[in-house]
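Note sheet for the following structure.
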Amino acid sequence: MQTVQHILEQNQISAPLTETINTVLTASKDIALLLQKGAMGDILGCAGQENVQGETQKKLDVISNDMLKDALKACSHVAGIASEEEDLPVAANADGQFLVIYDPLDGSSNIDINVTVGTIFSILPSNGGDTAQEATYLQKGRNQLAAGYVLYGPSTLLVMTTGQGVDIFTLDPDTKEFVLTEAQSQITPTTKEFAINMSNQRFWAKPIQTYVADMLQGEEGPLGKRYNMRWVAAMVAEVHRIINRGGIFMYPWDNREPNKPGKLRLMYEGNPMSMLVEQAGGLASNGEIAILDIEPELIHQRVPVILGSKEEVNTALSYNK
Ligand code: F6P
Ligand code: MN
C-alpha cells in the first residue's frame with residue numbers, strides 16, 4: 001500500500017513542496033469531516049442567513065476557505081495565498097517559496113443537496129515578488145509546480161500531479177491517509193460523452209452551437225456517433241469523470257454578460273484542471289490556445305474552457321476554423 005507520502009518521495013519532490021502539499025491535504029481532510037456532518041454540523045445554507053436558533057450561519061465555502069487559509073498561513077514555505085473566496089491575495093510568510101491558489105469548495109451549489117463538491121488547488125513558485133500584490137500571482141499555468149483536487153463524494157479522493165503524471169489516492173477512513181488507488185491515470189483519447197450546460201445554448205458563439213448541434217444528431221450527423229450527456233454542475237466532478245472514463249467538458253464563452261468570457265476562473269479552476277488533464281494525456285483549451293499558455297491579467301479572471309479526451313477536444317476546436 002503506497003501513501004501520498006511515498007509517491008512524493010518517489011517523485012523526489014522537495015521537502016518544502018511536500019510540506020506545502022501536506023498542509024493543503026490536512027485541511028482538506030478536516031473539510032471532508034465537516035461535510036460528512038452535513039445538517040448536523042450546522043453548516044448548510046448561506047452566509048449571513050440565520051438558522052432556527054437565530055444564530056448567523058456560515059456558508060461551508062466560507063468556512064473551508066478559512067480552514068485552508070489559516071493552515072497555509074501557518075506553513076512557513078507559503079509566501080502567499082489567493083482564493084476564489086477572497087477579493088485580494090493574502091501575504092503569508094516572507095521566506096516562503098510558494099504561492100498557493102485554491103477554490104476551497106468547487107460546485108458549492110451542490111452542498112445543500114448532498115452531491116459531490118471538491119477543493120481545487122494550484123501551487124506556483126513565489127519568485128520573490130510582493131505577495132500582497134496581485135501581479136506576483138499572474139503567472140501562466142505552465143509554471144505550476146503541483147495541481148490537484150480533493151473530491152468529496154461517496155469516498156474522499158485526491159487527484160494530483162507534480163508534473164510527473166496523474167495519480168489518484170483514496171482517503172482511508174481508518175488511517176486517515178491518502179492511499180494510492182490508481183497510478184498514472186490516462187484519459188482515453190476518444191469519447192461519446194459530453195458535458196455542457198445546455199440551458200445557455202442560445203448565448204454561445206456559432207462554432208460551439210454548430211458542434212453541439214452536430215453531436216445531438218448522433219450517428220446520423222456529421223460526427224457519426226451517438227453521444228451521451230452529463231452535467232453534475234461541479235467542475236471537479238466533471239473532470240474526475242473525464243479522468244476516469246474520458247469525455248469532453250465545456251464551459252464556453254457566452255454573451256450573457258459580455259465582460260465575462262466564460263464562467264470559470266482561470267487561476268482557481270482553469271489552470272489546475274488543465275495541468276491535470278494535460279498530464280493525463282488530454283487537452284484543455286480556451287477555444288484558441290492551451291489554457292496553460294494564457295498570460296493572466298487578473299487574479300479573478302474568467303476563462304472559456306474546453307477540456308477532455310484529446311481527439312474530441314480537437315474535433316470541438318476544428319469548428320473554430
Ligand atoms: O465553480 C463554478 C461552477 O460551480 C463549476 O464547478 C461548475 O462546472 C459550474 O460552475 C456550474 O455552472 P452552472 O451553474 O452553469 O451549471
Ligand atoms: Mn468553483
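Along the sequence shown, residues are numbered consecutively beginning with 1. Just so you know, these numbers use all the heavy atoms, side chains as well, and skip hydrogens, waters and symmetry mates.
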Glu269 and Lys263: CA distance, side-chain angles, deciding distance, salt bridge (charged side-chain N to carboxylate O under 4.0 Å, His left out) verdict: CA-CA 10 Å; Glu269 295 163 324; Lys263 180 178 186 192; over 6 Å; no
Exercise: do [X] and [Y] side chains pair donor with acceptor under 3.5 Å:
| X | Y | answer |
| --- | --- | --- |
| Asp106 | Tyr268 | no |
| Thr181 | Thr170 | yes |
| Glu288 | Asn320 | no |
| Thr136 | Asp130 | no |
| Tyr152 | Thr119 | yes |
| Gln5 | Asn22 | yes |

Flag if over 12 foreign heavy atoms under 6.0 Å of CG, Asp70: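 Above 12, so yes.
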Asp293, CG atom: more than 12 neighbouring heavy atoms under 6.0 Å: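 Yes - once you tally the heavy atoms of other residues, nucleotides and ligands closer than 6.0 Å, there are more than 12.
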Measure from the side-chain N and O atoms of [X] to the backbone N and O of [Y], and report whether any donor-acceptor pair falls under 3.5 Å.
| X | Y | value |
| --- | --- | --- |
| Tyr227 | Gln217 | no |
| Glu311 | Pro189 | no |
| Ser309 | Thr188 | yes |
| Lys29 | Lys176 | yes |
| Glu238 | Ala233 | yes |
| Gln10 | Ile7 | no |
| Asn286 | Ile289 | yes |
| Gln209 | Gln201 | yes |
| Gln301 | Glu297 | yes |
| Asp172 | Asp174 | yes |

For [X] versus [Y], what's the shortest heavy-atom pair and its separation?
| X | Y | answer |
| --- | --- | --- |
| Ala132 | Ala91 | N-CB, 4.0 Å |
| Pro125 | Leu99 | O-CD1, 3.7 Å |
| Ile187 | Gly308 | CG2-C, 4.3 Å |
| Gly107 | Val117 | O-CG1, 3.2 Å |
| Thr131 | Ala92 | OG1-N, 4.2 Å |
| Ile243 | Leu276 | CD1-CB, 4.4 Å |

Are the side chains of [Y] and [X] in contact, using a 4.5 Å heavy-atom criterion?
| X | Y | result |
| --- | --- | --- |
| Val232 | Val115 | yes |
| Phe121 | Ile101 | no |
| Glu278 | Met273 | no |
| Phe194 | Leu216 | yes |
| Val159 | His240 | yes |
| Ser285 | Leu307 | no |
| Val150 | Leu157 | no |
| Phe178 | Leu158 | yes |

Salt bridge (charged side-chain N to carboxylate O under 4.0 Å, His left out) partners of Glu257, counting only residues at least two apart: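 Glu257 satisfies salt bridge (charged side-chain N to carboxylate O under 4.0 Å, His left out) with Lys260 only.
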Qualifying residue for side-chain contact (heavy atoms from CB on, under 4.5 Å) with Gln184, from Ile168, Val166, Asp167: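 Of the listed residues Ile168, Val166, Asp167, the side-chain contact (heavy atoms from CB on, under 4.5 Å) partner of Gln184 is Asp167.
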Consider only side-chain heavy atoms of I, L, V, M, F, W and Y, link residues closer than 4.5 Å, and tell whether [X] and [Y] are in one cluster.
| X | Y | value |
| --- | --- | --- |
| Ile294 | Leu283 | yes |
| Leu151 | Val179 | no |
| Leu171 | Val236 | no |
| Trp231 | Phe203 | no |
| Ile120 | Leu60 | no |

Listed partners of Ser122 passing side chain to side chain donor-acceptor pair (under 3.5 Å), at least two apart: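 Partners of Ser122 under the side chain to side chain donor-acceptor pair (under 3.5 Å) test: Gln144.
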Leu33 and Lys37: CA distance, side-chain angles, deciding distance, side chain to side chain contact (heavy atoms under 4.5 Å, CB included) verdict: CA-CA 7 Å; Leu33 281 176; Lys37 286 192 180 165; over 6 Å; no
Ion pair check, Glu193 and Arg241, cut-off under 4.0 Å: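 Looking at Arg241 together with Glu193, the answer is yes, because their closest N to O distance falls below 4.0 Å.
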Salt-bridge contact Lys225-Glu312 (side-chain N to carboxylate O under 4.0 Å):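 A salt bridge is present here (some side-chain N lies under 4.0 Å from a carboxylate O).
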Output field: ring centroids Tyr251/Trp204 closer than 6.0 Å: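 So the answer is no for these two rings.
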From CA spacing to verdict: side chain to side chain contact (heavy atoms under 4.5 Å, CB included), Met215, Leu223: CA-CA 7 Å; Met215 282 196 286; Leu223 298 171; 3.6 Å; yes
Tyr149/Asp103 under side chain to side chain donor-acceptor pair (under 3.5 Å): CA gap, chis, key distance, verdict: CA-CA 9 Å; Tyr149 58 80; Asp103 178 355; over 6 Å; no
Test side chain to side chain contact (heavy atoms under 4.5 Å, CB included) applied to Leu264 and Phe249, step by step: CA-CA 12 Å; Leu264 302 173; Phe249 166 84; 3.7 Å; yes
Side chain to side chain donor-acceptor pair (under 3.5 Å) assessment of Ser76 paired with Asn93: CA-CA 6 Å; Ser76 63; Asn93 300 289; over 6 Å; no
Residue pair Ile208, Ile306: steps toward the side chain to side chain contact (heavy atoms under 4.5 Å, CB included) verdict: CA-CA 10 Å; Ile208 290 286; Ile306 301 174; 4.0 Å; yes
